[in-house]
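Okay, structure first, notes after.
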Amino acid sequence: MWGPPAQGAALLRRALHRGLVPGRSKGTGCGGSERAWVRPSGFDTGVVTFNSLSKKKEPLILARDRVATWYSCGPTVYDQAHLGHACSYVRFDILQRVLSRCFGVVVVHAMVITDIDDKIIQRSWQENVSPAVISRMYEEEFKKDMLSLKVIPPVVYLRVTENVHRIVAFIEGIIRNGNAYATKEGDVYFDVQSIGDRYGRFTGATGSHGEQGSSSKRDPRDFALWKKSKPREPYWESPWGPGRPGWHIECSTIASHIFGNQLDIHSGGADLAFPHHENEMAQSEAYHQCRQWANYFLHSGHLHLKGSSEKMSKSLKNYITIKDFLQSHSASEFRMFCLLTKYRSAIDYGAGSMAEARASLETIRTFMEAAEAYMKGHLRCSPVQEAFLWERLLEAKSGVLKALADDFDTPRAVGTLMNMIYHGNCQLQPADEAARSPAVFGAMVTFIREMLEVFGVDLADVSSRSGSLQAVVEQLTRFRSEVREFALARQDGLSSGSSGKPGLYPDRAPLLKACDTLRNDLAPLGVLIKDRGSTSTWEIKGDQDSRIQDRCS
């Protein structure tokens, strides 16, 4: 769960520094001024991932054996989180789960909560409460939203306001190293010219005019490390006078506080690459006097409303809150929605894309229910091509792992899984009972469950009218079969007028008639029941699609 920030940070640092986490191998050192990305040395995970620093796929190599240090930019807590935020956090949660459960990597994840910011201050003025009240309220809302989406909490999260003293010390270090300067007004700026051509490693950085600020800036690209306080704003004391931290310095300080001068993975939305992550890198490498502070930057694509070229954002007022979304959809449906596109790609949200995600989950659930019915002996099928299915299972296992090792290609992994399910469904054709092959279906179901757990998907979480209908029909058909079996029981003695063979109990004939009437009444509603002796099979023929779902009771 989300624990106390200060205590969690202290425990994590203690583990890293005392060697409870395996020792760091020698990789990218300090010094040098080259702009090009340098491949680190250490533990090769077997995964290749697109690195925004090199702008191509690179082998994911960790400084520690099977341990990934991972930092992500958390929310600015001034309002409720929306689906645009959810998309990024869920996608990276899936990546972390894949690294951990498919490739045996322990992910040590830290996140910052920006709890002081212009937007928080403005919101506090509007609500006539302190910024601390606003930030704490929406921080808790954010955490609840993440848990509702099944996002695994970071090992530690830290608030900016509780680390201002560390931020001040970090800025002082950058000034000592000759990479920042204070103005007479009480602001502190990073000196971009001091690092030469090392600034501008992300697309869009070169030629940027930089952020607005004091006329005392030496270069338009220089950005604020410390901002002089304004009337009515919260402030902290510093060597440069009362003020508060700039946005970018927060992440550099806090990530360095936890992980030191070397970070394996830094993640965030594509819109954070510049200027936020560019400035983080410049500050951190200036402070640590290191050539490559973070080895890999992973950026997720934006979420768009269907038909819009603009990303979902609060400023554009085109957003859907996570709470509103979960009123009509489930967390697993949203996770499948994310799985069906690559994490780096932009993603369109709309009724069609959500229907596709739900249909995929329904297909998986339908197969698993049919396979389990077959294994229990409730579903009688034609002879199964067992060797063929074992081959499809092995292909699926290999194909899923290869897809995930190739820049976490979840659409290809899901497609491989669905292809195996297709072949399994083709074998589950209702027929008179013949030789059975339950083991292969058990292995397929086990593999599907394992992968769903990796992805954080729970089929019981899927909101579906058809799923509820299936459950009702299954219970109804089972009850009807029990009544028919009772009615079809033969008398031990001879029935009157018989030829000497056992006969049915005459007083049970109305029960058989009632069962036939129920079967006939359900047929126009799309529920077809077929009787074979004392047992029955049923299927639903939906009006909205051509899928036929078979079950046996």
Side-chain angles (χ1 to χ4, degrees), residues 101 332 336 359-401 413-462 464 466-485 527-542 547-553:
R101 303 181 188 192
S332 290
M336 179 58 74
S360 297
L361 291 172
E362 281 297 320
T363 298
I364 296 171
R365 180 165 62 182
T366 297
F367 169 73
M368 292 183 69
E369 288 177 351
E372 288 170 355
Y374 175 81
M375 287 186 286
K376 293 175 182 178
H378 296 164
L379 178 60
R380 298 178 178 182
C381 293
S382 303
V384 169
Q385 297 177 343
E386 187 173 0
F388 174 80
L389 288 182
W390 282 116
E391 290 176 2
R392 301 293 78 76
L393 174 60
L394 291 176
E395 287 178 358
K397 288 185 174 182
S398 174
V400 167
L401 195 63
V414 171
T416 301
L417 199 64
M418 299 301 284
N419 184 62
M420 181 194 74
I421 289 172
Y422 165 77
H423 288 295
N425 272 326
C426 289
Q427 298 289 316
L428 291 175
Q429 297 300 319
D432 291 335
E433 187 167 8
R436 291 169 38 74
S437 306
V440 66
F441 285 101
M444 293 169 76
V445 168
T446 298
F447 176 58
I448 294 169
R449 284 177 177 162
E450 289 173 350
M451 292 314 305
L452 292 179
E453 184 178 349
V454 168
F455 296 144
V457 172
D458 182 0
L459 292 179
D461 184 41
V462 181
S464 171
S466 64
S468 300
L469 175 61
Q470 291 170 19
V472 170
V473 173
E474 186 165 358
Q475 293 296 326
L476 180 62
T477 308
R478 182 177 291 115
F479 173 75
R480 179 180 176 276
S481 292
E482 292 174 356
V483 172
R484 288 187 74 253
E485 185 176 4
V527 179
L528 305 183
I529 298 177
K530 298 178 182 179
D531 297 321
R532 293 189 179 96
S534 61
T535 62
S536 303
T537 62
W538 62 268
E539 59 184 73
I540 297 176
K541 291 190 174 180
R547 290 177 298 158
I548 299 177
Q549 299 159 326
D550 295 300
R551 295 291 185 278
C552 294
S553 59

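This is a predicted model, so every value here is computed, not measured.
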Using modelled atom types and a 3.5 Å cut-off, is there a donor and acceptor pairing between side-chain atoms of Tyr374 and backbone atoms of Ser437?
yes
Please examine the side chains of Phe447 and Leu417, heavy atoms only from C-beta on, and report whether any two atoms are closer than 4.5 Å.
yes
Determine whether Gln427 and Gln385 make a side-chain contact, defined as any pair of heavy atoms from C-beta on separated by less than 4.5 Å.
yes
Salt bridge or not for Asp458 and Arg449, using N-O below 4.0 Å?
no
Any donor and acceptor pair, going by atom type alone, linking the side chain of Arg101 with main-chain N or O of Phe455 inside 3.5 Å?
no
Using a cut-off of 6.0 Å, state whether more than 12 heavy atoms not belonging to Phe388 lie near its atom CZ.
yes
So Phe367 and Phe441, would you call those rings parallel, tilted or perpendicular, with 30° and 60° as cut-offs?
tilted
Salt bridge flag under 4.0 Å for residues Arg392 and Glu386:
no
Mind checking the CD1-CE spacing from Ile448 to Met444? Nearest 0.5 Å is all I need.
6.0 Å
Would you confirm whether Arg484, through its side chain, and Phe479, through its main-chain N or O, come within 3.5 Å as a donor-acceptor pair?
no
Does a side-chain heavy-atom distance below 4.5 Å link Leu459 with Asp461?
no
Taking atom CD1 of Ile421 and atom SG of Cys426, what is their separation to the nearest 0.5 Å?
12.0 Å
Which distance, rounded to the nearest 0.5 Å, do you find between the CD of Glu391 and the CE of Met420?
14.0 Å
Keeping the roles fixed (side chain from Ser398, backbone from Leu394), state whether a donor-acceptor pair exists under 3.5 Å.
no
